[in-house]
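Okay, so here's the structure we're looking at.
Whatever order the structure lists them in is the order used to number ligands and atoms, beginning at 1.
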Amino acid sequence: MRGKLVVGNWKMNGGLAANAALLSALVAGWEPLPGRQIAVCVPFPYLAQAGAALAATTIAWGAQDVSEHESGAFTGEVSAGMLAEFGCRYAIVGHSERRQFYGDTDVVVAAKAVAALAAGLTPIACVGETLAERDAGVTTAVVSRQLDAVLAAVGANAAKLVVAYEPVWAIGTGRTASPEEAQAVHAALRAQLARAGAADVALLYGGSVKADNAKALLAMADIDGGLIGGASLKATEFLAIVRA
Ligand code: PEP
């Protein structure tokens, strides 16, 4: 049986003092639960801080992006090997904010997933449609195209992925997909993963998940956890989601 994985995406928030308070509240408040895994994806400069705070715990950590390149003249980029040195388990790839503001294409996202896997990291590959795409009735086509690019690139390693369905219109907007809307997309993604021999990949939902809507979302058959933005910045709210 698949367990549940809840990952916090801090985005570009935090600072040494605020992170110390948040990390120690997570460590103090987290009581391991069978079948529940928890992780935080922090800004690059705070990976060492997260690692030091979490190393002796069952809370994993990771990054919010990774370069598709191994090393070299790529100013401002961070390689998967560097992330591995900092103890990261996860690297988010293809978050909609990367796609929207930094031009990450399906091809680049797929290459980032390959680079993460090559360094022993688990890519959390994000897919999701915009509101215009949902209104045009092309949600499944969009997410399946995005996932296909990653599946084609990672080949036999598909089972090592985590995939997050994050409707763009639900991210940071306070508007969330209903459990049934999310489940319908997850079922389509699950079928696509099954065709690639990776039916048991953890399929997370993300988009304005809060303590009060998490239980209903996590109860859906094909929702294996959550990718949590805003609500991951408050320890009590985030832990309530993990326990939901
Ligand atoms: C996210 O950034 O992945 C996200 C889902 O954000 P929020 O929970 O704030 O909508």
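- When each atom of ligand 1 is checked for a heavy atom of Asn9 under 4.0 Å away, the hits are 1 (C), 2 (O), 3 (O).
- Summary of contacts: the protein heavy atom closest to atom 5 (C) of ligand 1 is Glu166 OE2, 3.0 Å.
- Ligand-side atoms of ligand 1 in range of Gly207: 5 (C), 10 (O), range being under 4.0 angstrom from any heavy atom.
- The closest side-chain heavy-atom distance from Glu129 to Tyr165 is below 4.5 Å.
- A parallel orientation is assigned to the rings of Phe74 and His69, their planes being inclined by less than 30° (bins at 30° and 60°).
- Listed by number with element, the atoms of ligand 1 under 4.0 Å from a non-hydrogen atom of Gly172 are 7 (P), 9 (O), 10 (O).
- Distances between N or O atoms of His95 and those of ligand 1 include at least one value under 3.5 Å.
- For CD of Glu77, the number of neighbouring non-hydrogen atoms (other residues, nucleotides, ligands) closer than 6.0 Å is greater than 12.
- At the top of the distance list for atom 8 (O) of ligand 1, counting protein heavy atoms only, stands Gly229 N, 2.8 Å.
- At a 3.5 angstrom cut-off on N or O pairs, Thr173 does not count as close to ligand 1.
- With a 4.5 Å cut-off on side-chain heavy atoms, Leu218 and Ile223 count as touching.
- Gly128 and Val168 get closest at one heavy-atom pair: O-CG2, 4.0 Å.
- Using a 4.0 Å cut-off to heavy atoms of Ala170, the atoms of ligand 1 that qualify are 10 (O).
- Considering all non-hydrogen atoms of both residues, Ala115 and Glu68 come closest at CB-O, 3.8 Å.
- Atom numbering of ligand 1 starts at 1 in the shown order; those under 4.0 Å from a heavy atom of Gly230 are 7 (P), 8 (O), 9 (O).
- When Thr122, Ile124, Leu151 are each tested for a side chain to side chain contact (heavy atoms under 4.5 Å, CB included) with Leu161, only one passes: Leu151.
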